[in-house]
2 protein chains.
Amino acid sequence: MNKGIEIDRLDKQILSILMRNAKMAYTEIAKKLFVSGGTIHVRMKKLEDVGIVKGYNLSVDHGKLGYDICAYLGIYLDKSSLYEEVAKELEKIPEVVEAHYTTGLYNIFARVFCKDTAHLKEVLHDKIQNIPGIQRTETFISLQESINRPLEIVSEDDDEEIGYHEAEER
Amino acid sequence: MNKGIEIDRLDKQILSILMRNAKMAYTEIAKKLFVSGGTIHVRMKKLEDVGIVKGYNLSVDHGKLGYDICAYLGIYLDKSSLYEEVAKELEKIPEVVEAHYTTGLYNIFARVFCKDTAHLKEVLHDKIQNIPGIQRTETFISLQESINRPLEIVSEDDDEEIGYHEAEER
DNA sequence: GTTGAAAAATTCCGCCG
DNA sequence: CGGCGGAATTTTTCAAC
């Protein structure tokens with residue numbers, strides 16, 4: 001039982017390539033995988049239709065755009081049941097780019113981007129701590145991001161001797 | 001002093017659009033921003049050259065691909081100085097998609113994707129806990145992701161009355 | 001920043017195995 | 001049906017202004 005969605009090896013290979021470089025042309029992917037460009041097109045349309053592909057994003061260097069601080073916040077709530085309410089308030093804060101309802105020590109896990117420490121203080125003290133239901137927060141500032149990559153979804157038993165290797169970009 | 005990189009409002013608007021939908025055609029962005037397609041092309045080339053644009057990613061629904069669990073790990077090291085070594089070992093574990101050197105309670109913050117609880121146990125117990133230098137870990141499983149969006153980089157004083165609004169996709 | 005034209009990619013559709 | 005191939009359309013890309 002597979003949620004009714006059938007994904008074969010070709011689908012996974014296409015996704016795997018595009019997850020690393022979403023700008024690669026369908027014609028080029030087609031050449032790598034020894035199928036026609038039209039096939040890539042049909043497969044991607046299916047993958048978008050069933051919601052496996054959620055979107056296409058640009059990955060940017062936040063530091064170079066003036067957002068020097070990336071921090072994770074562990075948030076304690078007064079009551080776990082306040083989650084929906086608090087999430088809605090967090091959504092209004094543009095610096096919050098991610099929020100998860102989590103198991104473990106904290107009730108909510110959030111990621112924020114700030115320009116500098118003054119900006120972080122403003123976000124924490126004036127915005128987040130003011131949300132009703134939030135008891136306290138713990139802050140983890142990222143000093144270095146050493147890994148940031150897509151999940152490898154092509155399993156070993158799937159890609160036995162695929163002649164795929166990286167080519168030069170564009 | 002701005003790191004020597006000059007980014008104007010138009011650059012930010014282009015980035016802002018592409019961060020939400022990296023597949024939008026340059027010609028369409030050009031129409032929205034009332035400039036020519038060539039200008040978008042030149043701006044993007046500059047933004048890629050200076051490293052502000054790091055890449056183009058596909059965003060996928062990991063759950064639908066069989067990876068039901070997304071978890072964050074707080075990792076305690078025996079000594080903070082072991083960071084580089086441990087990071088190198090973490091990089092060998094494909095389930096680890098993100099790792100940060102952080103301030104606060106933990107030394108390293110990592111994000112992992114697993115197929116199910118058995119898979120998570122294997123990753124935690126057989127892979128991560130076996131890395132020399134790691135003292136112990138704390139696991140936060142994401143039960144719901146309620147926010148996941150790009151950072152809004154166009155500041156209010158930048159985009160005063162831009163006639164920009166979302167258009168239908170493709 | 002713009003224009004315009006060549007090169008390339010996307011997208012669609014009829015056909016085949 | 002799933003994949004192929006080709007043709008129409010759109011986009012990218014680049015040089016000259």
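Every chain is numbered from 1, with letters handed out A, B, ... down the list of sequences.
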Output the rounded distance in Å from [atom1] ([X]) to [atom2] ([N]).
X: B:Glu48; N: D:dT13; atom1: CD; atom2: C1'; answer: 13 Å
X: A:Tyr56; N: D:dT11; atom1: OH; atom2: C1'; answer: 16 Å
X: A:Leu10; N: D:dC1; atom1: CG; atom2: C1'; answer: 15 Å
X: B:Ile40; N: C:dT2; atom1: CD1; atom2: P; answer: 9 Å
X: B:Glu28; N: C:dA9; atom1: CD; atom2: P; answer: 20 Å
X: B:Lys31; N: D:dT11; atom1: NZ; atom2: P; answer: 7 Å
X: A:Lys45; N: D:dG3; atom1: NZ; atom2: C1'; answer: 17 Å
X: A:Met24; N: D:dT11; atom1: CE; atom2: P; answer: 22 Å

Specify the closest pair of heavy atoms between [X] and [Y], including all atoms of both residues, with the distance to one decimal.
X: B:Leu82; Y: B:Gly133; answer: CD1-CA, 3.6 Å
X: B:Lys32; Y: B:Ile17; answer: CD-CD1, 4.0 Å
X: A:Asn57; Y: B:Ser59; answer: OD1-CB, 3.1 Å

Scan the side chains in residues 98-106 of chain A for donor-acceptor partners under 3.5 Å anywhere in the protein, sequence neighbours excluded, and list what turns up.
unit_1   : atom_1 : unit_2   : atom_2 : d
A:Glu98  : OE1    : A:His100 : NE2    : 2.9
A:Glu98  : OE1    : B:Tyr72  : OH     : 2.6
A:His100 : ND1    : B:Ser142 : OG     : 2.8
A:His100 : NE2    : B:Tyr72  : OH     : 3.3
A:Tyr101 : OH     : A:Ser80  : OG     : 2.8
A:Thr102 : OG1    : A:Tyr106 : O      : 3.3
A:Thr103 : OG1    : B:Ile141 : N      : 3.1
A:Tyr106 : OH     : A:Glu138 : OE2    : 2.9

Among side-chain atoms of B:Arg20 and B:Ser16, is any donor-acceptor pair under 3.5 angstrom? yes

For C:dT11, take OP1 and OP2 only and decide whether either is under 4.0 Å from a side-chain N or O of A:His41. yes

Could you tell me whether the phosphate oxygens of D:dG3, OP1 or OP2, come under 4.0 Å of any side-chain nitrogen or oxygen in A:Arg43? yes

Is it possible for you to say whether B:Leu151 and B:Tyr56 belong to one hydrophobic cluster, with membership spreading through side-chain heavy-atom contacts below 4.5 Å? yes

Which of these nucleotides, D:dC14, C:dT10, C:dG1, is closest to any side-chain atom of A:Ala25?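 So the nucleotide nearest the side chain must be C:dT10.
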
List, with names and distances, any nitrogen or oxygen atoms from the protein found under 3.5 Å away from nitrogen or oxygen atoms belonging to nucleotides 4-8 of chain D.
unit_1 : atom_1 : unit_2  : atom_2 : d
D:dC4  : OP2    : A:Ser36 : N      : 2.9
D:dC4  : OP2    : A:Ser36 : OG     : 3.4
D:dC4  : OP2    : A:Thr39 : OG1    : 2.8

Tell me if the CD atom of A:Gln144 is crowded by more than 12 foreign heavy atoms within 6.0 Å. yes

